[in-house]
Peer 1: 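Submitted below is the structure of interest, expressed as structure tokens.
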Amino acid sequence: QVQLVESGGDLVQAGGSLRLSCAASGSIFSINAMGWYRRAPGKQRELVATITGGRTNYADSVKGRFTISRDNAKNTVYLQMNSLKPEDTAVYYCNVGITTRTYVTMDYWGKGTLVTVSS
């Protein structure tokens, strides 16, 4: 079975940094796109960043502050978050496109990790 394990969420002060990680394991043939989404209080879920191969994409609100990366050997995607703002407070979810060993491709979602940024 495919599993995603997220970690790294915490309570930090504005201007601080956090690194989120999301590790995929199980019956994996290959991993395609990987990304991070977030849901802030009172708002809908939004895309934060994605990485496909060497290509990355970021929401305008996090450009220059967040960096998405991946370690293919570990089937892990990271989100380095610097210069955090209170507006970044949200539950962050990883999303991974996985092709299983039975050649079925689908998206998998993490359960979320909470990031709280105080002013």
Peer 1: Between I68 and W36, does the side-chain contact (heavy atoms from CB on, under 4.5 Å) criterion hold? Intermediate values first, please.
Peer 2: CA-CA 8 Å; I68 187 171; W36 290 93; 3.8 Å; yes
Peer 1: Once rounded to the nearest 0.5 Å, what's the spacing between atom OG of S17 and atom CG of D10?
Peer 2: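 Reported value, rounded in 0.5 Å steps: 12.0 Å.
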Peer 1: According to the ring pair (Phe, Tyr, Trp, His ring centres under 6.0 Å) rule, which pairs have a member within residues 40-67, sequence neighbours left out?
Peer 2: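 Non-adjacent pairs meeting ring pair (Phe, Tyr, Trp, His ring centres under 6.0 Å): zero.
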Peer 1: Show every side-chain hydrogen bond (donor to acceptor under 3.5 Å, both in side chains) that has at least one partner inside residues 38-48, sequence neighbours left out.
Peer 2: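 Those involving residues 38-48 are R38-E46, R38-S61, R38-D88, R38-Y92.
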Peer 1: Other than F29, which residues form its hydrophobic cluster under the rule that side-chain heavy atoms must be closer than 4.5 Å?
Peer 2: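 Members alongside F29: Y103.
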Peer 1: Could you tell me whether the side chain of V96 reaches within less than 4.5 Å of the side chain of I31, counting heavy atoms only?
Peer 2: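 Of all side-chain heavy-atom pairs linking V96 with I31, at least one is under 4.5 Å.
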Peer 1: Does the pair D71 and T76 meet the rule for a side-chain hydrogen bond (donor to acceptor under 3.5 Å, both in side chains), with working shown?
Peer 2: CA-CA 5 Å; D71 185 333; T76 300; over 6 Å; no
Peer 1: Got a sec, which residues hit side-chain contact (heavy atoms from CB on, under 4.5 Å) with T52, two or more places apart in sequence or on another chain?
Peer 2: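 Residues passing side-chain contact (heavy atoms from CB on, under 4.5 Å) with T52: A33, R55.
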Peer 1: Between L18 and L79, is there shared hydrophobic-cluster membership here, with clusters defined by ILVMFWY side-chain heavy atoms closer than 4.5 Å?
Peer 2: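 L18 clusters together with L79.
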Peer 1: Could you check whether any side-chain N or O of E6 sits under 3.5 Å from a backbone N or O of C22, counting only pairs where one atom can act as donor and the other as acceptor?
Peer 2: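 Here the side-chain-to-backbone pair does not exist.
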Peer 1: Going by the side-chain hydrogen bond (donor to acceptor under 3.5 Å, both in side chains) test, which pairs reach into residues 20-32, not counting sequence neighbours?
Peer 2: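 Checked against side-chain hydrogen bond (donor to acceptor under 3.5 Å, both in side chains) - neighbours excluded - the pairs reaching residues 20-32 are S7-S21, N32-T99.
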Peer 1: Taking the hydrophobic residues Ile, Leu, Val, Met, Phe, Trp and Tyr, and joining any pair whose side-chain heavy atoms are under 4.5 Å apart, which ones share a cluster with Y93?
Peer 2: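 Y93 shares its hydrophobic cluster with Y37, L47, V91, W109, L114.
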Peer 1: Enter the distance from Q1:CD to I28:CD1 here, rounded to the nearest 0.5 Å.
Peer 2: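 Answer for the CD-CD1 pair, Q1 versus I28, is 11.5 Å.
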Peer 1: So, T89 side chain and V117 main chain: donor-acceptor pair closer than 3.5 Å or not?
Peer 2: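 Flag set: sc T89 to bb V117 pair under 3.5 Å.
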Peer 1: If you look at every heavy atom in P86 and A14, which pair is closest and at what distance?
Peer 2: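 For P86 and A14, the tightest heavy-atom pair comes out as CD-CB, 4.1 Å.
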Peer 1: Do side-chain atoms of T113 reach the backbone of G9 as a donor and acceptor pair under 3.5 angstrom?
Peer 2: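 Yes; at least one donor-acceptor contact below 3.5 Å.
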Peer 1: Could you walk me through whether C94 and L4 pass the side-chain contact (heavy atoms from CB on, under 4.5 Å) test, one step at a time?
Peer 2: CA-CA 8 Å; C94 67; L4 300 182; 3.9 Å; yes
Peer 1: Transitively linked via ILVMFWY side-chain contacts under 4.5 Å: M34 with Y78?
Peer 2: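 Hydrophobic grouping puts M34 apart from Y78.
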Peer 1: Report yes if the side chains of Q80 and S69 come closer than 4.5 Å at any heavy-atom pair, otherwise no.
Peer 2: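 With C-beta onward as the side chain, the pair stays apart.
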Peer 1: Which atom names give the shortest non-hydrogen contact between R70 and I51, and what distance separates them?
Peer 2: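 It is NH1-O, 3.7 Å.
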Peer 1: Please say which of I98, V104, N75 ends up in a side chain to side chain contact (heavy atoms under 4.5 Å, CB included) with V2.
Peer 2: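 Exactly one pass, corresponding to I98.
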Peer 1: Is the backbone N or O of A24 less than 3.5 Å from a side-chain atom of Q3, with the two atoms forming a donor-acceptor pair by type?
Peer 2: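 Checking the backbone N and O of A24 against the side chain of Q3, no donor-acceptor pair under 3.5 Å is found.
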